[in-house]
Structure formats: C-alpha cells, structure tokens
Amino acid sequence: MISKNIVLTFPDGARREYPGGVTGLDVAKGISPSLAKRTVAMALDGRLADLSDPIERDAKIEFVNRDDPRALELIRHDAAHVLAEAVQTLWPGTQVTIGPVIENGFYYDFFRNQPFTPEDFPLIERTMREIIARDRPFTKEIWPREQARTVFADMGESFKVELVDAIPEDQQIKIYKQGDWFDLCRGPHMTSTGKIGNAFRLMKVAGAYWRGDSKREMLSRIYGTAFAKQEELDAYLRQIEEAEKRDHRRLGREMDLFHFQEEAPGSVFWHPKGWTLFQTLENYIRRRQSLAGYAEVNAPQLIDSSLWVASGHMATFRDVMFLVEPKEDDERSYVVKPMNCPGHVQIFKHGLKSYRDLPFKLSEFGKVHRFEPSGSLHGLMRVRAFTQDDAHIFITEQQIAEEVLKVNDLILSIYSDFGFDDVRIKFSDRPEKRIGDDAVWDKAEAALLAALKASGRPWTLNKGEGAFYGPKLEYVLRDAIGRDWQCGTVQVDLNMPGRLGAFYIDEHSNKVTPVMLHRAMFGSLERFTGIMIEHYAGHLPLWLSPVQAVVATITSDADDYAREAAAAAERSGLRVEIDLRNEKINFKVREHSLAKVPVLLVVGRKEAAERTVSIRRLGSDKQQTMPLEAALSSFAQEGVPPDLRRRQQAA
RNA sequence: GCUGCCGUAGCUCAGUGGUAGAGCACCCCCUUGGUAAGGGGGAGGUCGUAAGUUCAAUCCUUACCGGCAGCACCA
C-alpha cells in the first residue's frame with residue numbers, strides 16, 4: 001500500500017513531515033528514546049489513541065505520559081483489564097463482561113456462580129501486581145466479526161458474544177492483548193501493563209444487572225480505583241473517610257436530630273432538634289412563597305381511590321401507592337396520598353373560578369407517602385414518607401411561559417440564599433408511560449422550553465424522563481463535596497385539570513380547562529434537611545442551627561448569672577440551652593463541640609462579676625470575652641434568616 | 001425488588017454449641033475544676049423475629065423483618 005506523506009504538528013507548534021502510516025511510537029523514538037520510553041499514549045487532535053496506532057492523516061500530535069491528567073483514565077481502564085485477567089487466572093470459568101472507567105475509578109463485571117467477597121481482594125490484588133510486574137505490552141488486533149464470535153463462543157464467553165453482536169456493522173472488532181490474555185475492547189490502552197503502577201486498590205463488590213436491565217442476569221461487580229501516584233490514592237482514601245464523617249445519618253445521630261427504626265422503614269422519627277431545623281427551613285419557604293402570592297392550604301391525607309382513578313395515578317402508579325385496607329362494613333377504599341395535586345384541584349374546583357382569578361396559586365407542605373423499593377431507601381435522602389414544599393398554579397395557556405419564569409426565578413433565588421449558585425437545570429420530555437394526547441404534549445413541551453430558553457440558563461435534555469402528566473424542569477444542586485442532588489421542579493400539566501373536571505370561566509363566559517403548573521423548590525423537606533446537614537458537615541449557619549448557643553458554667557457560683565444570661569438570650573430570639581452540670585469546662589466544651597453547637601457562652605466567676613461572656617465559636621479554639629448584651633445582640637443579628645435580613649436592609 | 005454483607009445494652013463494638021462482655025451515654029456519690037473526656041459505684045440485654053437441627057442454640061440451617069453497599073427504580 002502506498003501512503004502519502006503526512007504532516008504532524010507538535011505542541012510547541014513545530015510541524016514535521018512523516019510517511020503515512022507512521023506509528024506514534026516511531027515518531028516518539030525519532031525525537032528521543034527517552035521520550036518514547038516515558039510516553040504511554042498519544043493524543044491526535046486532542047483524542048487519545050494507542051501509541052502504536054498508525055497515523056494516516058495530518059494531525060496535531062501530543063505525547064501523553066503517565067502523569068498527564070488524561071492518562072488517568074487509561075491507567076484505570078488498563079487496571080480493569082488486569083483485574084479481569086487476574087480473576088480469570090484465579091477462577092477459570094468465570095466469564096468476563098465489561099470493565100469501564102467511572103468517575104472515581106473503574107469496575108469489572110463478572111459472571112460466575114460464586115460471588116466474590118472482599119476477602120478475595122488481597123489474592124486478586126497480588127495477582128494483579130504480578131501481571132503488572134510482567135509488564136507485557138498491550139497490543140491491538142482487528143478481528144473479523146465471525147472470528148470474534150467463534151473464539152468467544154468456544155471460550156464459553158457468551159456475554160462477549162452478545163457484545164460482539166451489539167457492535168454496529170460499520171465498526172471494527174478490536175481485541176486488546178496483554179501477553180496471552182485478551183479482551184474485546186474499544187481502547188485505547190497504554191503501551192504495557194507495567195505502566196499501571198501500584199497505586200491501585202480494589203474497593204468493594206456488588207451485584208449489577210447485565211446491561212443495566214433488571215430482567216437480565218445479575219453479575220458480580222468488583223469496584224476498584226487507581227491513580228498515577230500513591231499519594232493521590234492515599235488522598236482519595238482520606239477523602240472517602242471525610243465524606244463518611246459528614247454522612248447525615250451519622251450526624252443525625254451525633255447531633256440528636258432524628259432516627260429510624262424498623263417498624264417504620266423509610267419514615268423519619270424527628271427529634272426536637274431535628275424538627276427545629278426542619279421547621280426553620282419550612283418557615284423560610286413559607287415566607288418566600290407567601291410573598292410570591294401563594295395561598296397555603298391543606299388537603300386530606302386519605303382520599304377515596306375513585307379520585308386517584310380519575311387523576312390517572314391508579315393506572316400509572318398503583319405500585320408505589322399505599323392502599324388502606326378497607327373495614328369490613330365499609331365498601332370504600334382509601335389511598336394515602338402519594339401526591340398533592342388531586343387535592344389542590346378539588347380546592348380549585350370548589351366555587352366557580354373566573355379568568356380574573358388566574359394565576360391561582362395554592363401551596364401546601366404536603367406529606368406524601370410512596371412505597372419506594374426497599375433497596376432505594378437511604379436515610380433522609382430517599383424515604384417513603386416525606387413533605388413536599390408543593391404548589392399548584394392554575395393558569396391560562398398564554399400564561400405558561402411567564403409563570404414558569406417566575407417559578408424559575410424564585411427557585412434560583414432560594415438556592416442562592418443557601419449558597420448554591422452552581423445550579424443545573426434539566427428539561428425532561430414525554431415518558432413512555434403517560435396520559436394525554438401527543439398534540440397536548442407538543443404544546444406543553446414547547447411552552448416549557450420557551451420559558452427555559454427565556455431564562456437564559458444553561459440546561460440539558462433528559463429524554464423521556466418527564467412526569468406521566470407533563471414535561472418538567474428539574475433543578476440539580478451541587479453540594480460542598482461535589483455531589484449532585486435533584487431538588488426543585490416545575491412541571492407543565494395540560495392533562496390532570498381536564499381529567500378531574502376543573503375549569504374557569506373566560507371573558508366570553510365559556511368554560512375553559514386551566515393549565516396547571518406543579519412546582520416544588522426544596523422538593524422534599526426531608527431530603528433538603530439531609531442535604532443541609534451534609535453540605536455544612538453539621539456546622540450549620542446560625543440561623544439554621546437547632547441550638548444556637550449553650551451557656552455553660554465553669555463553677556456553680558456562676559449558676560444564677562448563667563440562668564440570667566440564658567433568659568436574656570432567649571429574649572433576643574436565640575435558641576439557647578443552659579449547661580449547669582457539675583462537670584469540668586473541658587468536658588462541656590468537648591461535648592457541645594461534638595454536638596455541633598455553633599456558639600458556646602462560657603461563664604465563670606469572672607464573667608458573672610463583670611456581666612460578660614467568654615465566647616467560643618464552633619470550629620475554633622479561640623476565646624473572646626464580650627459584654628453579655630453586646631454579644632447577644634450580635635448573635636441575634638447573625639441568626640436572622642437571609643430573607644428577613646434582606647427585608648430589614650430594605651426597610 | 002435483585003446480588004452480597006450485616007443484625008448482641010441508647011451508641012460503637014467484642015464474644016462463645018452449655019442462656020453474655022467492654023468503652024461511651026444514663027442514675028447515684030465524691031470532686032467546683034477556666035475552654036475537646038476528673039474519680040468511684042450502680043442500673044441496663046428474652047443476643048432482630050419465627051421455625052428447624054441438637055441432650056442443649058445468641059452461636060448451626062431455613063424463612064421472614066430491618067440495615068449497609070451497589071444495581072434497578074425515583075410522579
């Protein structure tokens with residue numbers, strides 16, 4: 001084959017001509033043997049490729065060494081292959097499937113009768129280190145489709161055969177070898193197994209469905225992670241430990257906020273302090289939406305199932321609804337509400353509504369129950385009974401875009417009060433399971449999209465993820481350690497009001513079905529409380545802290561003064577506790593620090609005589625002595641919720 | 001729901017085929033101590049539930065309930 005010459009552009013801007021089909025390795029060697037030695041892969045026009053790939057066209061070329069951030073995914077992917085080889089060496093007959101790189105590492109899914117346990121890890125890791133030490137080169141072969149099918153079928157690798165069949169006709173079947181072991185893989189890989197290094201670790205085992213399909217086989221997945229350097233691996237492991245310390249389930253116990261028990265799986269027992277936090281958040285939302293023109297209501301917890309049949313819930317979401325066992329002498333069956341919308345529609349319907357009444361905004365801190373799958377429950381984040389800061393806005397079709405925009409602004413303003421400015425918006429369109437004509441969906445989606453575009457915010461499409469009654473926007477927050485949480489939502493509903501017989505009278509005296517917007521801002525108060533706990537690692541801002549200050553005595557001589565100080569703090573509007581116990585101040589400081597109390601007001605003989613307090617803030621070991629009244633007014637001011645502070649400043 | 005692991009005092013955990021232990025927390029006593037654990041004593045558990053194996057089960061088996069991790073699900 002005659003190849004034309006090609007021109008490669010190097011990172012320093014230099015351009016050189018090479019014969020077509022030259023490999024990256026040849027190019028590197030031509031520059032310097034040491035460059036060739038330390039290069040693990042190349043990037044052509046920014047795309048990673050095997051160093052041994054022939055280059056057939058003009059391109060920008062970069063040589064990637066192990067320490068290059070782009071090499072990290074290669075290290076991890078190579079490690080996944082080595083993991084697979086190790087497992088098949090140790091347990092012949094185990095089938096391999098796929099082993100991709102994920103956010104913090106990699107995994108490999110295996111199929112075998114006996115699942116793995118973490119006790120297997122030392123042996124697997126030792127075998128992996130042996131394979132890495134052999135430092136065999138990764139080599140790529142392109143196989144004809146039939147050969148790949150036959151080879152994998154003969155090896156008993158039925159999952160691989162399925163993968164081969166799933167590769168589109170126009171794509172090559174690539175096989176990567178590392179010594180004798182090989183795997184179907186789209187690559188790229190580094191030059192040899194030795195480049196992986198030793199900064200890797202197997203993390204956990206878990207089940208996972210083949211191809212993510214709960215109807216297919218359950219595979220045994222091994223998770224691992226790998227880094228270029230041992231220090232990076234150590235830092236990652238430390239970071240995991242830190243994340244565990246801010247787990248809201250742990251902090252909930254340590255701060256005495258709430259608990260769960262098995263008689264009520266997925267339902268929260270809120271303790272006084274946790275409920276204080278919850279209500280502080282609820283009251284904040286109550287003020288914000290009251291100012292925005294919402295009227296708060298409350299609808300029944302149990303409603304006859306006929307209403308859920310009419311709304312469409314019974315047909316679509318019966319599985320997750322709690323149905324009440326009927327009494328023998330009562331033929332009616334009731335449903336514990338899984339959503340607030342049908343209740344609000346009833347309130348809208350009560351009394352004739354005029355077009356002049358629109359937009360008609362009803363809000364409710366609605367406690368809903370949903371029978372979530374047992375495996376999905378997770379502390380406050382995923383529960384079976386939760387409180388939505390829910391609202392429904394009844395409007396005309398013409399008002400959709402304007403009202404969606406208002407909701408959008410309100411949501412973003414609220415998040416900003418909690419320091420969340422990095423908010424992502426997802427647009428979810430029609431799902432497969434839905435009610436309503438496609439023409440209606442067209443209209444709803446178009447209106448929502450128009451509002452979204454008018455907001456000027458970046459957004460992404462979540463195809464087919466809409467609610468069964470309409471398309472929606474979802475607001476995703478990123479917390480202090482980079483995790484994403486879906487909270488707020490706005491949903492356009494052109495279906496349910498009509499199904500439930502809601503209408504208003506327009507200016508021509510015609511009955512018209514209103515459009516309904518569903519919206520939530522925190523989403524679930526329970527979840528948002530959990531997010532707050534984890535986001536702040538328990539160090540809540542003063543206005544959210546259930547106990548804002550503790551007055552702690554050093555000796556009992558200061559008891560009377562401490563009582564006085566605590567009473568004064570309460571009069572200033574602070575949530576304060578008093579600790580007169582016969583314990584050393586060291587002990588009290590330790591205990592209240594562990595309970596994450598933000599302000600410790602220490603009083604002894606000196607403070608009692610001078611009418612001062614010795615202040616110790618959470619997270620610092622510094623002390624500051626201030627006159628009592630000055631300290632209290634300063635803390636009272638600091639404890640004002642952000643919306644009320646704005647109101648103060650505006651006044 | 002699926003796979004795996006787990007369930008012993010309020011919490012964190014140890015332990016054994018012959019009906020249980022530690023630390024912290026709790027109660028009482030001593031101690032009044034100046035910013036992350038002062039000392040002593042006491043009380044507290046039908047070892048998740050139910051069957052089975054066994055002379056004997058907290059320990060072995062099975063089922064159920066609950067939890068954890070992941071997967072699937074999430075109006």
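Because the structure is predicted, anything quoted here is derived from the model rather than measured. Reminder, nothing fancy here: chain letters follow the sequence lines and each chain counts from 1. All heavy atoms count here, side chains included; hydrogens, waters and symmetry mates do not.
Rounded to whole Å, the separation between the P atoms of G38(B) and A25(B) comes to 9 Å. Separating the P atom of G44(B) from that of U53(B) is a span of 35 Å, rounded to the nearest Å. Rounded to whole Å, the separation between the P atoms of U62(B) and C5(B) comes to 11 Å. Taking atom P on both nucleotides, U32(B) is separated from A69(B) by 48 Å, rounded to a whole Å. For the C1' atoms, the distance from A22(B) to U16(B) is 16 Å, rounded to whole Å. On the C1' atoms, U54(B) is 10 Å away from C60(B), given to the nearest whole Å. To the nearest whole angstrom, the two C1' atoms, one in U58(B) and one in G45(B), are 11 Å apart. A gap of 14 Å separates the C1' atoms of G7(B) and C59(B), to the nearest Å.
U32(B) is unpaired under the Watson-Crick or G-U wobble criterion, no partner having all donor-acceptor distances under 3.5 Å. Judged by Watson-Crick or G-U wobble contacts below 3.5 Å, the nucleotide G23(B) has C11(B) as its partner. Across all strands shown, the partner of C5(B) is G67(B), judged by Watson-Crick or G-U wobble contacts whose two distances both fall under 3.5 Å. Using Watson-Crick or G-U wobble geometry with both donor-acceptor distances under 3.5 Å, A50(B) finds its partner in U62(B). Remark: G44(B) base-pairs with no nucleotide in the shown strands. Criterion, Watson-Crick or G-U wobble with two distances under 3.5 Å. If you check C55(B) for Watson-Crick or wobble pairing at under 3.5 angstrom, you find it paired to G18(B).
In this model, the phosphate group of G1(B) is approached by a side-chain N or O of Ser374(A) to a distance below 4.0 Å at OP1 or OP2. Applying the 4.0 Å criterion to OP1 and OP2 of U12(B), one finds that Arg253(A) has a side-chain N or O inside that range. Considering only side-chain N and O atoms, His378(A) lies under 4.0 angstrom from the phosphate OP1 or OP2 of A69(B). Contact annotation: Arg249(A) side-chain N/O to C68(B) OP1/OP2 distance is under 4.0 Å. Checking the phosphate oxygens (OP1, OP2) of A69(B), no side-chain nitrogen or oxygen of Arg221(A) falls inside 4.0 Å. Checking the phosphate oxygens (OP1, OP2) of U35(B), no side-chain nitrogen or oxygen of Lys584(A) falls inside 4.0 Å.
Annotation: of the two residues near RNA chain B, Tyr209(A) and Gly379(A), the 5′-most nearest-nucleotide partner is Tyr209(A). Annotation: of the two residues near RNA chain B, Arg581(A) and Asp247(A), the 5′-most nearest-nucleotide partner is Arg581(A).
If you check the side chains of Gln95(A) and Glu217(A), you find no donor sitting under 3.5 Å from an acceptor. Side-chain contact, Thr612(A) with Lys606(A): no donor N or O sits under 3.5 Å from an acceptor N or O.
Residue Tyr223(A) and nucleotide G70(B) are not classified as a stacked aromatic pair, given the requirement of ring centres less than 5.5 Å apart at an interplanar angle below 30°.
For Pro338(A), taking side-chain heavy atoms from C-beta onward, the closest of the listed nucleotides A36(B), A75(B), G67(B) is A75(B). For Ala206(A), taking side-chain heavy atoms from C-beta onward, the closest of the listed nucleotides G70(B), A72(B), U35(B) is G70(B). The listed nucleotides are A75(B), C68(B), A36(B); the one nearest the side chain of Val589(A) is A36(B). Residue Arg382(A) places its side chain closer to C74(B) than to any other of A72(B), G70(B), C74(B). For Arg590(A), the listed nucleotide lying nearest its side chain is A37(B); candidates were A37(B), G66(B), G70(B). Nearest nucleotide to the side chain of Ser376(A), out of G34(B), G67(B), C73(B): C73(B). Nearest to the side-chain atoms of Phe587(A) among the listed nucleotides A37(B), A75(B), U32(B) stands A37(B).
A donor-acceptor contact under 3.5 Å is formed by the side chain of Arg616(A) with the base of A36(B). If you check distances only, the side chain of Glu607(A) does reach the base of G34(B) with a donor-acceptor pair under 3.5 Å. Below the 3.5 angstrom threshold, one finds no donor paired with an acceptor across the side chain of Ser220(A) and the base of U3(B).
Phe260(A) comes within contact range of no nucleotide atom at all, as no heavy-atom separation falls under 4.0 Å. Residue-level contact check: Glu263(A) touches neither bases nor backbone, having no heavy atom under 4.0 Å from any strand. Among the protein residues, Lys606(A) comes within range of the nucleic acid bases, having at least one heavy atom under 4.0 Å from a base atom. Using a 4.0 Å heavy-atom criterion, one finds that Ile554(A) contacts the bases of the nucleic acid, with or without backbone contacts as well. Using a 4.0 Å heavy-atom cutoff across all strands shown, Val205(A) reaches no nucleic acid atom at all. Heavy atoms of Thr555(A) sit under 4.0 angstrom from at least one base atom. Within 4.0 Å (heavy atoms only), Pro373(A) reaches at least one base atom of the nucleic acid. Within 4.0 Å of Leu594(A), counting heavy atoms only, lies at least one base atom of the nucleic acid.
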